[in-house]
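Beneath this line is the structure, given in structure tokens, with notes to follow.
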Amino acid sequence: MKRFVIIDGNSLLFRAFFAMREMVTRDGIYTQGVFAFINMLNKILEDYHPDYIAVAFDMKAPTFRHTAYPEYKAGRLKTPMELLSQIPLMQEVLQAMNITVLEKEGFEADDLIGTMTAKAADAGLESLIITGDKDALQLVGENTYVVLNRKGMTDFDLYDLEKMQERYGLTPQEFIDLKGLMGDKSDNIPGIPGVGEKKGITLLKEYGSVEGVVAHADEIKGKLGENVRANLEEAELSKWLATIKRDVELPVSWPELAYGEPDYDRLIALYKKLEFKKFLQNLERQTPDEVTVEPEKDLLEGVKEVSYEDLLDSLKNNRTLIIEMDTDDNHKQLPEVKGVRLYNPEQMHYAECTVTPLDFEIRMGSLLDKEPELVGLGLKPMAYTLLQYGMDRFTLHHDVEVAEYLLDPNRSKYNLTNMFLHYANETLDGEDAQKRLMALDCIYRKQLPALEEKGMLSLFRDCEMPLIRTIAGMESQGMKINPEMLKSAGEELDTQIAKLEAEVFEEAGTTFNINSPKQLGEVLFETMGIPYPKKTKGKNKYSTAADVLEKLEEDYPVVSKVLMFRKASKLKSTYVDGLLGLIGSDGRIHPHFNQTVAATGRLSCTEPNLQNIPIRDENGRNIRKAFMVSEPENVFVGSDYSQIELRLMAALSGDPVLLEAFRTGEDIHRLTASRVFDIPMEDVTPLDRSRAKAVNFGVIYGMSGFGLSENLGITRKDAQRYIDDYFEKHQAVKDYLDRQVEIGKENFEVKTIMGRIRQIPEFKSRRYMDQQLAARLAMNSPIQGSAADIIKVAMNKVDAELREREMKSKLVLQIHDELIVEAVPEELEQVEELLRRNMENAVELSVPLDCDMHSGKTWFDLK
DNA sequence: CATATCACG
DNA sequence: ACGTACGTGATATGC
């Protein structure tokens with residue numbers, strides 16, 4: 001299918017303009033919008049390979065909407081002149097690129113886009129609408145997609161019918177009706193007062209459309225009904241205003257819109273005038289025989305749909321099987337499975353079946369008997385579901401989400417449509433289940449050579465893939481919670497909060513919301529006249545963060561009260577109420593460990609985040625008492641790596657002093673204090689040690705003098721001296737860190753000990769800040785990421801050994817450098833031994849990896 | 001929906 | 001002259 005790309009010129013130029021800092025040529029022409037637009041356009045051309053392309057613009061003249069309803073878009077802020085002047089400039093560039101500019105008096109860009117995509121559909125073309133304006137979503141259709149620019153310049157989301165359903169629960173038509181009901185403040189479309197997104201959707205689900213609501217207005221009860229009846233005309237008008245026209249007369253033909261060569265002479269002249277050196281260079285570098293991705297052949301060609309049973313019958317043992325399971329990822333009760341779809345690529349057989357709670361286990365059983373090598377996207381929910389139903393014999397062979405995460409860990413999400421676009425250069429209709437499985441197969445096959453080329457095949461196969469099951473096991477086991485304990489802690493906190501609040505109000509002489517940083521700042525630094533200890537950022541912008549308030553604690557007792565208030569409310573809302581709300585029907589909490597979120601390779605944890613349960617604060621630590629073993633006779637065993645990141649720094653840099661210290665079990669912070677401050681080991685005071693500790697952390701983070709000084713509350717000069725002294729005494733560390741930055745600058749990526757890659761695109765920027773950030777990332781990521789590699793290997797080993805030995809103890813938590821096992825009493829000693837052995841021997845390093853171990857009946861007791 | 005804050009490693 | 005330590009997630013507020 002040929003592809004037509006149409007861009008909302010105004011919308012993208014706006015985004016581009018505000019995403020950039022100011023750019024002016026020597027002649028005083030403002031160019032940053034045009035510059036960023038061209039950047040985005042290049043990316044669009046590269047990503048989507050259009051056959052036809054056009055850019056639509058609004059015109060200054062009033063549109064037919066203004067004529068019918070003069071208040072339309074009234075009250076909008078004036079567009080800055082610097083931006084307005086860039087519209088004709090942009091159009092000039094587009095013309096030089098031989099890209100058609102569409103505009104028509106009396107219509108908005110949206111109407112032109114609506115019209116062109118309707119024409120495209122008639123002509124049998126696929127359309128991609130690129131815009132930053134959500135209103136375009138009403139144009140989504142069978143072969144019409146909207147690519148929405150969310151924020152910045154590179155964050156795009158592709159919407160098809162399914163994605164709209166998933167995101168809003170609405171069809172494109174309903175989207176228009178919703179806007180008719182709720183109106184739109186930014187366009188000054190009235191809608192019905194009191195109807196927002198929620199009520200709007202309820203009304204739509206009940207009556208189908210604005211017309212339906214109007215026809216049944218009498219039936220609607222209460223205040224809502226009154227509002228509806230009083231604003232019937234407004235609703236109809238609003239819908240009309242919100243509807244994008246799809247039949248504007250536009251005299252263009254497809255051949256004119258064909259995407260082809262630019263007018264090089266004209267473009268070069270323009271780029272010179274605009275001082276776009278980067279684009280000039282790119283133009284010169286471009287060769288006509290650039291590699292183009294071959295579009296996939298028809299995905300479904302040769303695929304045969306068979307019954308689920310037949311597919312299984314003809315599936316040989318231990319063969320690759322693409323699988324997609326509809327299961328919910330809600331961990332509060334037993335997951336509900338709705339359907340399973342399979343594709344056997346060997347025979348090109350596809351099958352799907354709906355699943356009921358009754359036949360799920362039988363159907364999965366007959367599938368798993370074939371011991372298939374399962375391939376899918378985001379397999380963990382399936383693994384979790386199987387484990388929850390007591391099925392533990394399955395092999396996860398390839399998860400395209402996890403694979404893609406290794407290839408590009410900076411991404412925020414990994415969805416099929418985008419990946420398919422990337423690997424096959426084709427859009428994918430998300431509703432076609434059969435096609436989705438073909439796409440999975442296609443992506444899977446293309447990821448293998450990509451992983452191989454990047455040297456990450458072993459990391460993928462031997463670490464990340466087995467980890468899915470390990471994690472699913474932890475989630476499935478979960479942790480039992482004592483709700484009574486949490487509730488009584490909550491009541492206690494409530495009294496504290498009430499008391500502190502009253503005291504703060506008393507001293508402030510006024511009541512306000514202490515949880516509002518804005519109000520708090522105003523009360524403290526204006527009403528009460530407390531001098532603000534930092535320079536104010538902009539106008540009336542006070543930070544009330546703890547490190548700022550702590551400077552005032554001594555002189556102003558209120559501030560202490562505020563800090564105590566904040567501590568208590570944090571505990572109450574996040575750790576008492578938050579946790580209580582996540583207890584499952586089995587009395588346990590089953591968190592989600594996310595494997596594809598953290599760019600360094602770490603896991604993250606959500607709903608709840610059990611990786612940030614309080615421990616440093618004595619009061620907060622008590623929360624851990626509510627986490628209990630699931631059987632009274634069991635016991636938790638916790639083991640944490642001692643100083644794993646500093647040990648890695650020693651190993652990776654080969655610094656002789658650090659290596660020696662870790663080999664002999666020296667106190668590393670004390671040693672650092674002694675060397676940096678030039679005092680004998682035995683004279684190091686606790687203060688010296690704690691400062692040295694901050695220096696050691698700083699080394700791992702790629703510290704700056706400023707950062708360290710902020711952290712320690714010392715002058716920048718002193719901080720810088722510490723840093724210089726440290727690097728002088730540990731030249732190898734300095735060399736190692738410099739080398740990482742060099743590698744990053746060279747390759748735009750750095751690696752961990754197991755070959756995990758993190759791209760650092762910030763190195764491509766020429767802004768000082770980005771370069772500084774890039775350097776810190778290059779220094780930190782290999783350390784943090786290698787530590788993540790190591791504990792992941794250890795987790796797999798621990799989990800595998802527990803299962804191989806058919807032990808009943810279970811891994812339950814990972815907290816970055818720490819593992820917690822819930823052990824049955826008869827296995828306690830074995831658990832302690834195997835936990836330590838597998839953690840300390842996860843990898844071979846030039847320093848020992850020592851663990852500290854603790855055990856107890858509640859999480860609190862692991863100290 | 002972004003921001004500020006604070007919990008953890 | 002500027003803005004600055006790495007990686008996460010949850011909550012409340014306010015536009």
Side-chain angles (χ1 to χ4, degrees), chain A residues 21 134 150-151 185-186 197 409-410 412 512-521 535 537 541-549 562-563 565-579 581-582 591-594 597-617 619-621 623-624 640-641 643-645 649 694-712 716 719-720 723 737 758 760 767-785 787-788 791 813-818:
Chain A
R21 73 189 204 313
K134 268 198 274 193
R150 293 174 59 75
K151 56 168 188 198
K185 229 168 129 192
S186 71
E197 189 173 319
N410 281 321
S412 57
F512 62 102
N513 187 342
I514 309 177
N515 273 322
S516 160
K518 189 166 179 276
Q519 295 180 35
L520 178 61
K535 50 184 175 199
K537 278 201 179 169
K541 282 209 164 137
Y542 310 107
S543 166
T544 65
D547 59 338
V548 177
L549 296 192
V562 168
L563 287 168
F565 173 91
R566 276 229 277 250
K567 272 235 148 68
S569 5
K570 177 87 180 176
L571 279 180
K572 176 69 165 53
S573 61
T574 305
Y575 297 107
V576 174
D577 298 342
L579 283 176
L582 288 164
H592 297 71
F593 283 99
N594 205 317
V597 167
T600 49
R602 275 191 177 180
L603 297 181
S604 89
C605 184
T606 51
E607 282 181 290
N609 180 357
L610 294 188
Q611 292 180 322
N612 73 349
I613 302 299
I615 186 165
R616 298 173 194 165
D617 180 75
N619 218 349
R621 188 179 244 197
I623 298 289
R624 295 184 173 221
D640 65 288
Y641 282 115
Q643 309 290 2
I644 186 166
E645 293 190 343
M649 183 60 88
V695 172
N696 280 330
F697 273 110
V699 173
I700 292 167
Y701 295 155
M703 72 183 154
S704 65
F706 179 87
L708 184 66
S709 71
E710 280 292 289
N711 188 289
L712 283 178
R716 264 189 71 170
Q720 192 55 52
I723 294 172
L737 293 174
R758 175 176 189 179
I760 308 181
R767 291 164 59 176
Y768 176 77
M769 270 240 288
D770 290 345
Q771 285 290 324
Q772 292 299 302
L773 174 65
R776 294 195 299 269
L777 296 178
M779 293 187 259
N780 174 265
S781 300
I783 303 286
Q784 193 182 119
I791 197 159
L813 282 186
Q814 186 254 44
I815 311 145
H816 308 306
D817 64 353
E818 176 182 9

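Since the structure is predicted, the reported quantities are computational estimates derived from the model, not experimental observations. Each chain gets a letter, A, B and so on, in the order the sequences are listed, and its residues count up from 1.
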Notebook entry, point to check: To the nearest 0.5 Å, how far apart are CD1 in A:Ile613 and CG in A:Leu813?
Noted result: 9.0 Å
Margin query: side chain to side chain contact (heavy atoms under 4.5 Å, CB included) for A:Ile623 and A:Val576? Distances and angles first, verdict last.
Written below: CA-CA 8 Å; A:Ile623 298 289; A:Val576 174; 4.0 Å; yes
Next item on the list: Name the nucleic acid region contacted by A:Glu710, choosing base, sugar-phosphate or nothing; use a 4.0 angstrom heavy-atom cut-off, strictly under.
Entry: nothing
Check: Is the phosphate of C:dA12, meaning OP1 or OP2, less than 4.0 Å from a side-chain N or O of A:Ser569?
Finding: no
Margin query: Classify A:Ala599 by what it touches in the nucleic acid, base, sugar-phosphate, or nothing, heavy-atom distance under 4.0 Å.
Written below: sugar-phosphate
Notebook entry, point to check: Phosphate oxygens OP1/OP2 of C:dT4: is one of them under 4.0 Å from a side-chain N or O of A:Gln771?
Noted result: no
Checklist line | Separation of A:Leu549 CG from A:Leu520 CG (nearest 0.5 Å) | finding: 6.5 Å
Note to self: Quick one, A:Ile791 with A:Arg602, criterion side chain to side chain contact (heavy atoms under 4.5 Å, CB included). Give me CA distance, side-chain angles, the key distance, then yes/no.
What the structure shows: CA-CA 9 Å; A:Ile791 197 159; A:Arg602 275 191 177 180; over 6 Å; no
Next item on the list: Determine the contact category for A:Arg716: base if any of its heavy atoms lies under 4.0 Å from a base atom, sugar-phosphate if only primed atoms, P, OP1 or OP2 are that close, otherwise nothing.
Entry: base
Notebook entry, point to check: Rounded to the nearest Å, what distance is computed from the CZ atom of residue A:Arg776 to the P atom of nucleotide C:dG7?
Noted result: 9 Å
Margin query: Heavy atoms only, 4.0 Å cut-off, all strands: where does A:Ser704 land among base, sugar-phosphate and nothing?
Written below: base
Margin query: Within this structure, what is the CG-OH distance for the pair A:Asn612 and A:Tyr575, rounded to the nearest 0.5 Å?
Written below: 3.5 Å
Next item on the list: For A:Leu773, report the nucleic acid contact type (base, sugar-phosphate, nothing); a contact means any heavy atom under 4.0 Å.
Entry: sugar-phosphate
Next item on the list: Using the P atoms only, state how far C:dT4 lies from B:dT3, rounded to an integer number of Å.
Entry: 14 Å
Note to self: Regarding A:Ala775, tell me which of base, sugar-phosphate or nothing describes its non-hydrogen contacts under 4.0 Å with the strands shown.
What the structure shows: nothing
Check: When all nucleic acid strands are considered with a 4.0 Å heavy-atom cut-off, which category describes A:Asn711: base, sugar-phosphate, or nothing?
Finding: base
Check: Atom CZ of A:Arg767 to atom P of C:dT4: distance rounded to whole Å?
Finding: 11 Å
Item checked: A:Asn780 side chain near C:dG7 phosphate (N/O to OP1/OP2, under 4.0 Å) -> no
Check: For the pair made of CD in A:Gln720 and P in C:dA5, what is the distance, rounded to whole Å?
Finding: 14 Å
Notebook entry, point to check: What's the spacing between A:Ile514 CD1 and A:Gln519 CD if we round to 0.5 Å?
Noted result: 10.0 Å
Checklist line | d(CG, A:Asp770; P, C:dT4) in whole Å | finding: 12 Å
Next item on the list: Would you kindly give the CG-to-P distance between A:Leu520 and C:dG14, to the nearest whole Å?
Entry: 11 Å
Next item on the list: Summarise how protein sits on nucleotides 4-9 of chain B as a single string, 5' to 3': B when a protein heavy atom is under 4.0 Å from the base, S for sugar-phosphate-only contact, - for no contact.
Entry: SSBBBB
Notebook entry, point to check: Picking from C:dG3, C:dT4, C:dG9, which would you name as closest to the side chain of A:Thr606?
Noted result: C:dG9
Margin query: Distance check needed: C:dT4 C1' versus A:Gln772 CD, whole Å only.
Written below: 8 Å
Checklist line | side chain to side chain contact (heavy atoms under 4.5 Å, CB included) assessment of A:Glu645 paired with A:Phe697 | finding: CA-CA 9 Å; A:Glu645 293 190 343; A:Phe697 273 110; 5.6 Å; no
Notebook entry, point to check: Nearest-Å distance, CE (A:Met779) to P (C:dT4)?
Noted result: 16 Å
Check: What does A:Gly578 touch in the nucleic acid at a heavy-atom separation under 4.0 angstrom: a base, only the sugar-phosphate, or nothing?
Finding: sugar-phosphate
Margin query: Measuring from atom CE of A:Met703 to atom CG of A:Leu737, what distance do you get when rounded to the nearest 0.5 angstrom?
Written below: 9.0 Å
Item checked: Rounded interatomic separation in angstrom, taking CG from A:Leu708 and P from C:dG3 -> 21 Å
Next item on the list: Would you mind pulling out the nucleotide paired to C:dT8, Watson-Crick or G-U wobble, both distances under 3.5 Å?
Entry: B:dA7
Next item on the list: Could you give the distance separating B:dC8 and C:dG3 at their P atoms, to the nearest angstrom?
Entry: 31 Å
Next item on the list: Choose from C:dT8, C:dG3, C:dA5 the nucleotide whose nearest atom is closest to any side-chain atom of A:Ser604.
Entry: C:dT8
Notebook entry, point to check: C:dA5 and B:dC6: how far apart are their P atoms, nearest whole angstrom?
Noted result: 16 Å
Next item on the list: Please round to the nearest 0.5 Å and tell me the distance separating atom NZ of A:Lys518 and atom OG1 of A:Thr544.
Entry: 12.5 Å
Next item on the list: With heavy atoms under 4.0 Å as the rule, sort A:Leu777 into base, sugar-phosphate or nothing.
Entry: sugar-phosphate
